[in-house]
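First the structure, in the form of structure tokens, and then the observations on it.
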Protein chains: 2
Amino acid sequence: MKKKITLKHIARELGVSISTVSKALKNSEEIGSDTKEKVQAFAKLYNYKPNNIAISLKNKRTKNIGVIIPDIVHHFFTTVFRGIEKYANAKGYNVIVCVSDESFDREVINMELLANGSIDGFIMALSAGTQLKNDYNHLKEVTEQGIPLVLFDRVTEDIKCDKVIINDKKGAYNAVTKFIKDGRKRIALITTEDYFSVSRERAAGYREALSDNGIAYNEDLILKFPSMTIDENVIEDFFNREKVDAVLSVNEIFAIHSMRLVQSKGLKIPEDISFIGFTDGLLSKYASPGLTAVAQHGEHMGEIAAEMLIEKVESELEEETYITRVLEPTLIERGSTIN
Amino acid sequence: MKKKITLKHIARELGVSISTVSKALKNSEEIGSDTKEKVQAFAKLYNYKPNNIAISLKNKRTKNIGVIIPDIVHHFFTTVFRGIEKYANAKGYNVIVCVSDESFDREVINMELLANGSIDGFIMALSAGTQLKNDYNHLKEVTEQGIPLVLFDRVTEDIKCDKVIINDKKGAYNAVTKFIKDGRKRIALITTEDYFSVSRERAAGYREALSDNGIAYNEDLILKFPSMTIDENVIEDFFNREKVDAVLSVNEIFAIHSMRLVQSKGLKIPEDISFIGFTDGLLSKYASPGLTAVAQHGEHMGEIAAEMLIEKVESELEEETYITRVLEPTLIERGSTIN
DNA sequence: GAAAGCTACTAAAACGTTTTCGGTATTATT
DNA sequence: AATAATACCGAAAACGTTTTAGTAGCTTTC
């Protein structure tokens, strides 16, 4: 087993000082050309690579960024992550991922763990637990220490930091408007409880589109699930009870379940009932018929988040200006809607 | 902005030495109880947390593990990752993820970057590019430096290290056996080129099951795609050309595409043609009909990989014994097969 | 009353870098 | 020949810890 070689080894072996070796490897003008050659040749021969940890300690910069997301087995988050990773890697940064599993406690623990020198900045989406608890002290502590933070998708007004979100309200508005143009009257909304910032925004867009088109808001057409997991019976009851000709769902899973259910009841999609779902993921693409979807452009969102973070990390001056980038959603039309 | 406090700050503030502070915080017997109380109170007040980087440098242990996977927007890899992250986190380790994007070069670059002190060990699945090139020198270098390595799913015989895979051959064997029991005669295999270790194994299981049941192997029933992306026309040609009553696919995407195609040609699933796909992901679950799938138990695989790695990382002695854990696949029956 | 034994602390090295500040030859300038 | 300039190199500090090896001052012991 050949252990990693250090500057000290090279110095001892070549009979020079550590500083000489360090400078020689950086091609410093201070070092004579023959010494430089000798050192560089030796270093190449033994495949010397500087120790990242030592450099991090010296520079107080790790070149790591911490990403905390609620779930990794989730198409949208992985696309965001891909964007982050791609941009960060191109800039020479590594990405440490922690999964909060939608839990407040795990979010706090992971943040505190990483905040003690392991990373130069955070990119994160709030866990369900955190949004429910409405407690953001762990974020506040981190920002007060001067560690840059970028929130994406699931954000909060309570923390001053850079943010990147999509215009969820507009996404819902556009979807509902499309339904109405297609002549739909009884448009349902399948969503989660309101503590998710995104669900609130989408519900607002839904209401506004109805109102702008002179359709009365009808509480009976709103189906709320308390969490991400769904109860088949609740869906069935809902569709047995309410006559619905269009459905906007805040995620794919709810939409797909509903589509299968109404199909099993003999309804035709999109003739009898149309569907649009948020998050243009695999399921939307491969459902039959394909699910018209509000694309959230996760990868782009990730790139922007990484760009904003690295910008802050590398800027010397600590400005107190924070911006929120709002990305425009796109409606991807498929077979679940008319045309 | 309150900067992180260090031992030195505490020492200076309290008029004691750094070593005293360090020991006091560890409740060492060497330190008088009044001094300990004083130090601990001060540390708690200012929320002192030791700097991870400094500890890493001292201990030559980072408590980070590096995970390199070909793709992150991929259900199977994310389930494995979830298993890794869960186990590692419980053991106090963080996970640094790099995505090779199926490229040999990026796999090499990422490994070299992380190998210089950033991590205590690697968990990885080989990229397509690496398997195609059949060049594993980057892995060899890492293991020769004594950095533990665990390969999962996409492995190679050429590297001596711990591995965890599922019994792909058996998974295919079981699937084909089920087809045959259901009376299927013309069983197709949709796969990728042979340089993927998993594809080879699955093809072997396919052949063996046919042979064990007295069905001749027919090259015409094998459809090979050069990469993960598919060409609709090729699929269409294939099903126009060959009369097929069952299809085993090495992944979900190929299976779903094929199912939609044969459905559009008016065939009934599973009456006219049955489907089984590898990797029991979201698509299998939500396809209509549901796709019978060979479950690969990704999360469990990830946990085992992390367990094996951390075991090696924390063991003092450097044994040269490497084991390969082989997980048993499970057939998840859904509507795409009879019963 | 000197040796031994405690108690409670500190100095310093070590991990592997980078960088500042000097220092010593050697060469150039007057 | 004395001084200045230059080329080349090394010592040491610093990043924040942990740990070994002391050490000072006190009490105990016979």
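Letters go in sequence order (proteins before strands), and every chain restarts at 1.
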According to salt bridge (Lys or Arg N to Asp or Glu O under 4.0 Å), does anything in [range] pair up with another residue at least two apart or in another chain? List the pairs.
| range | answer |
| --- | --- |
| residues 9-30 of chain A | A/K23-A/E30 |
| residues 48-68 of chain A | none |
| residues 77-97 of chain B | A/D71-B/R82, B/R82-B/E299, B/K86-B/E299 |
| residues 116-144 of chain A | A/E144-B/K2 |

**Fill in**
Outer limits of DNA chain C sitting under 4.0 Å from a non-hydrogen atom of chain B, read 5' to 3', are C/dA8 to C/dG16
Let me know the distance between [atom1] of [X] and [atom2] of [N], rounded to the nearest Å.
| X | N | atom1 | atom2 | value |
| --- | --- | --- | --- | --- |
| B/K23 | D/dT19 | NZ | C1' | 7 Å |
| B/I18 | D/dT19 | CD1 | C1' | 13 Å |
| B/E30 | D/dT19 | CD | P | 11 Å |
| A/K8 | D/dA11 | NZ | C1' | 15 Å |

**Message:** Students often get this wrong, so: under 4.0 angstrom with heavy atoms, is B/T6 touching a base, only sugar-phosphate, or nothing?
**Reply:** sugar-phosphate
**Prompt:** What pairs of residues pass the ring-ring contact (aromatic ring centres under 6.0 Å, His included) test when at least one of them lies in residues 113-147 of chain A, not counting sequence neighbours?
**Reply:** A/F104-A/H138
**Which residues share a side chain to side chain contact (heavy atoms under 4.5 Å, CB included) with A/I5, sequence neighbours left out** = A/H9, A/I10, A/F42, A/Y46, A/Y48
**Item:** Any B/K4 side-chain heavy atom under 4.5 Å of B/N51 side chain
**Value:** no
**Asked** Going by heavy atoms closer than 4.0 Å, what residues in residues 49-60 of chain A are next to DNA chain D?
**Response** A/L57, A/K58, A/K60
**Prompt:** Would you say D/dA11 has OP1 or OP2 under 4.0 Å from some side-chain N or O of A/S19?
**Reply:**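 No, A/S19 has no side-chain N/O under 4.0 Å of OP1/OP2 on D/dA11.
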**Asked** For the side chain of A/S17 and the base of D/dA11, is some donor closer than 3.5 Å to an acceptor across the two?
**Response** no
**Item:** Residue pairs fulfilling side-chain hydrogen bond (donor to acceptor under 3.5 Å, both in side chains) with at least one residue in residues 149-159 of chain A, sequence neighbours excluded
**Value:**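 Non-adjacent pairs meeting side-chain hydrogen bond (donor to acceptor under 3.5 Å, both in side chains): A/E102-A/R154.
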**Prompt:** Over its full length, what angle do the end axes of the helix from C/dG1-D/dC30 to C/dT30-D/dA1 make, each axis taken from five pairs and the result rounded to 10 degrees?
**Reply:**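 If I round to tens, the end axes sit 80° apart.
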Pair up each side-chain donor or acceptor in residues 308-315 of chain A with any protein partner under 3.5 Å, not counting sequence neighbours, and list the distances.
from	atom 1	to	atom 2	distance (Å)
A/K312	NZ	A/D162	OD2	3.1
A/K312	NZ	A/T321	O	3.3
A/E314	OE2	A/Y93	OH	2.8
A/S315	OG	A/L317	O	2.9

**Asked** What are the two closest non-hydrogen atoms of B/I55 and B/P50, and how far apart are they?
**Response** CD1-CB, 3.6 Å
**Message:** List the residues meeting ring-ring contact (aromatic ring centres under 6.0 Å, His included) with B/H74, not counting sequence neighbours, and say none if there are none.
**Reply:**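 Here the qualifying residues are B/F77.
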